Chemist: 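Next up is a structure, given as structure tokens.
Ligands are counted one by one from 1 in listed order, and the atoms in each one are counted from 1 as well. Quantities reported herein were computed from a predicted structural model and do not represent experimental measurements. As a basis for the values below, the full set of heavy atoms in this structure was taken, side chains included, without hydrogen atoms, waters or symmetry mates.
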Amino acid sequence: MDAFTPTPTDRFTFGLWTVGNPGRDPFGEPTRAPLDPTYTVAKLAELGAYGVNLHDHDLVPDGTPAAERDRIVGRFQRALHDHGLVVPMATTNLFTDPVFKDGAFTSADARVRHYALQKTMRALDLGIELGAHTFVFWGGREGAEVDAGGKLLDALRWYRDALDYLCEYALDQGYEVRFALEPKPNEPRGHAFLPTVGSALGFIATLAHPEMVGLNPEFAHETMAGLSFPHALAAAIDAGKLFHVDLNDQVMSRFDQDLRFGAENLKSAFFTVMLLEEHYDGPRHFDAHALRTEDEEGVWAFALGCMRTYKLLAAKAARFSADEEIQALQGAYRVDDPEAAWPPRYAASHAEALKGRSFDLPPLRERGPGLERLDQLTVELLLGER
Ligand code: GLT
Ligand code: MN
Ligand code: MN
């Protein structure tokens, strides 16, 4: 037990599918045995986690008869209660069943779209029964390799129609839930629809109930697209749409690796934690899995590692904010000027005066903002020298 030992007040969560990942990949069979969901609950509680999230079929296999479903759910609820864990988020698996091989809400086959709606409503019912207030939509199969089918615009319309329908369903049922879209650029599809945080933000504005729908950005997904996760996070926060977050790590331009949080891009992980600590109060969800090389002991080392790294970086973020030299450099980076009041208030007279103003540009061109020093101090702080 030390200052970085996780506790439920840290609000760390894992998916059943994350620690339960058996190490299957496109080239090889599983390397680990599946975990019973109630065992996962006990182990996560022991490690200090706050909650566990799930897809419908992580707990109840598709096609399970109603009585058996109720037995499975009851047993899981008892485990949650006994170990003091909650289920803050739930989602639907719309990607494993071959019926979704060419999309779920964006399938060209309307029967598949109706089936996807049915499956999602049932998954939402399950999530609500377990106490979830966030429902995630990761459109794993919503995408294409072939554009000759001519559905690019239809697919976006079908996606919108489906979300509008599901918002109506949730409202009609009186569910206290918000939807969170999770963008990803590719994999398993060649090109995914709504590939980035930016595209999802634009799409949400076109929905019938935009206030109910936000984002679940994932570190690895923005990184796969060659984008910065802290920048994506800032965009989601700025739009008031950071409803949930998937933390993990990823080497840029590789397959979807879902590495342990902080395993690869420590500095981006640091600025991620800094943004979350200041602007987000939801659960810190780890959507990652242990390396395929690992046995079960490695799985729990992985889970503990995600949480400890988060806490270590949160402590570093607090040090960063308290470091006088760093704060002085940050202060000096920004220049205010009485003749450049911000935000500028538009008035015809102001615009006329601004157009006529002459700027002394040479010093503005020459000014060094001190970013090299600031970045080096950040590195030294992360390396434990400050
Ligand atoms: C899948 C995917 C994740 C999503 C999960 C939710 S499932 O593991 O790789 O990014 O968040 O559907
Ligand atoms: Mn991922
Ligand atoms: Mn994810």
Chemist: What are the protein N, O or S atoms, given as residue plus atom name, that sit under 2.8 Å from the Mn ion (ligand 3)?
Modeler: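 Short answer, with waters excluded from the count: Glu182 OE2, Glu218 OE1, Asp246 OD2, Asp287 OD2.
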Chemist: Near Asp246, which atoms of ligand 1 are under 4.0 Å from a heavy atom of that residue?
Modeler: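 What qualifies from ligand 1 is 11 (O).
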Chemist: Classify the ring geometry between Tyr159 and Phe105 as parallel (under 30°), tilted (30 to 60°) or perpendicular (over 60°).
Modeler: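 Tilted, since the angle between the ring planes falls between 30° and 60°.
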Chemist: Counting each atom of ligand 1 from 1 as listed, which ones have a heavy atom of Asp256 under 4.0 Å away?
Modeler: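 It comes down to these atoms of ligand 1: 9 (O).
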Chemist: Just need the protein heavy atom nearest to atom 6 (C) of ligand 1, so name the residue and atom and give the distance.
Modeler: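 Here the closest protein heavy atom is His55 NE2, 3.2 Å.
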Chemist: Heavy-atom contact check, 4.0 Å cutoff: does Val136 meet ligand 1?
Modeler: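 No, that is not the case, since the closest heavy atom of the residue is not under 4.0 Å from the ligand.
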Chemist: Between the candidates Phe95, Trp138, Trp17, which shows the shortest non-hydrogen contact distance to atom 8 (O) of ligand 1?
Modeler: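 The residue whose heavy atom sits nearest atom 8 (O) of ligand 1 is Trp17.
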Chemist: Starting from Phe320, can I reach Leu275 by hopping between I/L/V/M/F/W/Y residues whose side chains sit under 4.5 Å apart?
Modeler: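 Looking at the clustering, Phe320 is in the same group as Leu275.
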Chemist: Above 12 or not: heavy atoms from other molecules or residues under 6.0 Å from CD of Glu372?
Modeler: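 At most 12 heavy atoms, drawn from other residues, nucleotides or ligands, come within 6.0 Å of this atom.
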Chemist: Parallel, tilted or perpendicular for Phe286 and Phe261, by the 30°/60° rule?
Modeler: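 Phe286 and Phe261: tilted rings.
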Chemist: So which bit of Asn216 gets within less than 4.0 Å of ligand 1, heavy atoms only: side chain, backbone, both or neither?
Modeler: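 For Asn216, there is no contact with ligand 1 at all, from either part.
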Chemist: Should the heavy atoms of other residues, nucleotides or ligands under 6.0 Å from CG of Asp337 be counted, would the total exceed 12?
Modeler: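 Counting other residues, nucleotides and ligands, CG of Asp337 exceeds 12 neighbours.
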Chemist: Please list the nearest protein heavy atom to atom 3 (C) of ligand 1 with its residue and the distance rounded to 0.1 Å.
Modeler: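 Of the protein heavy atoms, Asp287 OD2, 2.9 Å lies nearest.
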Chemist: Check the hydrophobic clustering (I, L, V, M, F, W, Y; side-chain heavy atoms under 4.5 Å; chains of links allowed) and say if Leu276 and Met274 are grouped together.
Modeler: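 In one cluster: yes.
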Chemist: Taking the cut-offs as 6.0 angstrom to the six-membered ring centre and 45 degrees off its axis, would you call Arg111 and Tyr115 a cation-pi pair?
Modeler: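 Verdict for Tyr115: no cation-pi partner in Arg111.
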Chemist: Over all heavy atoms of both residues, which pair between Ala220 and Asp258 is shortest? Give the atoms and the distance, please.
Modeler: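 Minimum heavy-atom separation between Ala220 and Asp258: CB-OD1, 4.2 Å.
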Chemist: For ligand 1, which atoms have a heavy atom of Glu182 less than 4.0 angstrom away?
Modeler: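 Going through ligand 1 atom by atom, the ones under 4.0 Å from Glu182 are 3 (C), 4 (C), 10 (O), 11 (O).
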Chemist: Under the criterion side chain to side chain contact (heavy atoms under 4.5 Å, CB included), I'd like the reasoning laid out for Glu182 against Asp287: C-alpha separation, chi angles, the key distance, then a yes or no.
Modeler: CA-CA 12 Å; Glu182 181 177 339; Asp287 184 18; 4.0 Å; yes
Chemist: Would you say the side-chain atoms of Thr378 and Asp375 include a donor-acceptor pair closer than 3.5 Å?
Modeler: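 Asp375 and Thr378 do not have a side-chain donor-acceptor pair below 3.5 Å.
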Chemist: Using a 4.0 Å cut-off to any heavy atom of His221, which atoms of ligand 1 qualify?
Modeler: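 Here the atoms of ligand 1 in question are 10 (O).
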